[in-house]
Amino acid sequence: MVAGLLASAAVTTVVLTALPARASSVQPLPPVSSADAKKQAVLVDAEDIRLRTMFERFGVLTKPTLVETAGSLPTVLLPARAEPYTVAEVISAGGGRREVDGAVLFTANVLVGPQARLVVSSLAGDLRLASGPSGFATVAAWRGAMEFVGASPDRKLRIVGWDVQNLRPDTTTVDGRSYIRTMGGELIVRNVDASSLGFWTGRTGGIAWTGSKGEPSTGGAADSVFRNNIYGAYISGSEGIQMIDVRLEDNERSGLGVHRDATGTLISGVTAARNHGDGMTIDRASGSRVMRSTVTDNSGDGITVDGRGLGVVATATGVQVNQIKDTLIESNTVSGNGRYGIRVVGGENSVVRANNVSGSQVGIIVKSGANGTQITDNKVNGSSETGIQVGPDARRTAMVNNTITESQRGIVVQDATTNILSRNQVTGAKDFAITIRGQATDTKIQNNTLAGRGWRAIDIRKALGMSAREVRSNNTGGWVSLKPHHWYTLIEQHPALLVWGLVVLLPVFGWWSRRRARKRPASHPYPESELLLRRMTDGTMRPRSQQELIMAAARDRAATGDRVPEPVRTVPRSRTPRQYDVPVEQRAVRGPSRHVPVDSEPTLMSLRVQRKGPPGANDGTHPAPASVAGPGQEDDSPTDYFTPRMSTQTAPPRPRDAESHRASPDGDPPSGRRRWRD
């Protein structure tokens, strides 16, 4: 069993070594317990209620006001005015204090009202937002404006959720944590390093741009770093948000989340690295553009575009889902992500162009209702499964002028119609360069250059609605086809079969071993005693004196013309418990026995001789031993304890001549007979 497990481990190691190398991505965080999730969700609802309640007070305020709030820290309200508010005014209103190291600590929530603006600059020092079990401070604007500005890209303004009890950044999200948010207003972040912010959901996830009843949020971020938050940055209900040269690192979920009702978002020069979710998620947001960005080593997908609409619209032929349109993903470097490099789910007229994708399970995938997607001029390298995959459920997809290297399969089209595959270059594929499966009506494969080693360069055997006439002008001179019907080619294609085969055979081998062990004869219960007895009796299992007597009787019978028997050996001991209880004399022997019955032979009797009385107290038949114990004493002299005992049965005398029955004068038996010895 152990040998089989070691063999399985060795095979697994070989198989994993044979797979394409992949960059290491961070691992997803463990899921939140249900109790912690419920607690955080309750805090989010409480925050929504607090913000709505505070917003209603702006109609009568004319100056900064501190308002006590049940269940949370107090809130400083900044009403409308022409001049922007400063950090000093927030402190004077009772919303914070200056720390000994020069930093500013906000100990209360700050809410900027309509037609008001709050400016926080690095001239005031680092900004710390109090956070802990007793409550957390937030900075929000409701149809107002906020601006956080550092001195330069090298001298950033640091904003951090601060644990006031332990005097360190707050890393616990169960009891809530500080965040920054605008609702239908403007938020500008420039030259800022924001960390340890947010909890549970997107709008409280760190730094968030969100809308408010038809009022979209505006603004954006530039030359900033968002790290160790729930979301690096969260955008929804917005218009024209710009993220330029921003780093999104080590966040618990997506580095950047662009969600519903966000239109015209521009993401350029952004780096999303080592996030525990996707690098960037664009979900039901129209007109988003991701350009010249680097997305690497995230545990989920590199870039995900979900264009599936929530509502339906009426048409002449019925109803259809209101798809999101015109997403552009261009000139990005996507590498080392845990699942897909670029994933397009649904949406219309999405463009994936001139991206460099490497080290994912699937480089680029388009599926689930995507319509009119263009995949052009991309370079895909080292995908463990497929370079480019289209389908299931995709329509009108164009794959033109893409370069795919060292992927298990080059291009896979699965249940997708009206596709164009033209001028693509596939090298180093190991199964198929291009394979079409399922419904593939109006699919054309032409002018592609295909090289590698596998089953087929172009495989359309399982394609439906497609004819061989649509496959033309392809260069397959560099393709090496594997010979079919060889078992090792099946293992090369599916290396896990070898491991599973060993796993299946291990129980079978164990069952066979146990069955064989049950059939093996049982060992002697006392093997040492049996071995000692065999050594003492030369393997006959009888004392030597008894064996000599038996052989002497055999020689006597031979002298009278009888047949000489072979040396008598005991019947072997039984190996089974049922036969072991049967005496040796009663055990069956195969075939006619050539030995004298045991009952007619001298048998072995072990006696401990004890002589008492004066020397010579004997029957006169045998001489007394040389040393005899005194009266009442035990004789310690060497004594042969193996004394022959004659059988109680007396056989009738056999007819012999007179000389054979005549005794000698001194009482000795005839010369042809041996005297019994002690």
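The shown structure was predicted, so the numbers you read here are calculated from the model rather than taken from an experiment.
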Evaluate the criterion side-chain contact (heavy atoms from CB on, under 4.5 Å) for residue pair Ile364 and Val380; output intermediate values, then yes/no. CA-CA 8 Å; Ile364 300 172; Val380 181; 4.1 Å; yes
Go through Asn251 and Tyr231 one step at a time and tell me if the side-chain contact (heavy atoms from CB on, under 4.5 Å) criterion holds. CA-CA 6 Å; Asn251 299 288; Tyr231 285 88; over 6 Å; no
Test side-chain contact (heavy atoms from CB on, under 4.5 Å) on Thr435 and Trp455; report intermediate values, then the result. CA-CA 10 Å; Thr435 178; Trp455 301 100; over 6 Å; no
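Using a 4.5 Å cut-off on side-chain heavy atoms (C-beta onward), Ile411 and Asn424 make contact. Counting only heavy atoms from C-beta outward, the side chains of Val44 and Phe199 approach each other to under 4.5 Å.
A salt bridge is absent between Asp326 and Arg289: the closest approach of a Lys/Arg side-chain nitrogen to an acidic carboxylate oxygen does not fall below 4.0 angstrom. Ionic pairing of Asp459 and Arg437 is not present here: no N-O contact between side-chain nitrogen and carboxylate oxygen is shorter than 4.0 angstrom. Ion pair Lys430/Glu406 flagged as a salt bridge, since at least one NZ, NE, NH1 or NH2 atom sits closer than 4.0 Å to an Asp/Glu carboxylate oxygen. Salt-bridge annotation for Arg456 and Asp431: absent, with no side-chain N of the basic residue lying under 4.0 Å from a carboxylate O of the acidic one.
Arg253 forms a cation-pi arrangement with Trp200, by the criterion of a distance under 6.0 Å to the ring centre and an angle within 45° of the ring axis.
When all heavy atoms of Ile445 and Asn474 are compared, the closest pair comes out as O-ND2, 3.3 Å.
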Could you pull out all donor-acceptor pairs under 3.5 Å where a side-chain atom in residues 218-225 meets a protein atom, sequence neighbours excluded?
from	atom 1	to	atom 2	distance (Å)
Ser224	OG	Asn191	N	3.3
Ser224	OG	Val192	N	3.1
Ser224	OG	Ala222	O	2.8

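In this view, Arg396 satisfies the salt bridge (charged side-chain N to carboxylate O under 4.0 Å, His left out) rule with no residue, not counting sequence neighbours. In terms of the salt bridge (charged side-chain N to carboxylate O under 4.0 Å, His left out) criterion, residue partners of Asp250 (sequence neighbours excluded) are, by chain and number, Arg274.
Within 6.0 Å of the CD atom in Gln439, the count of heavy atoms belonging to other residues, nucleotides or ligands exceeds 12.
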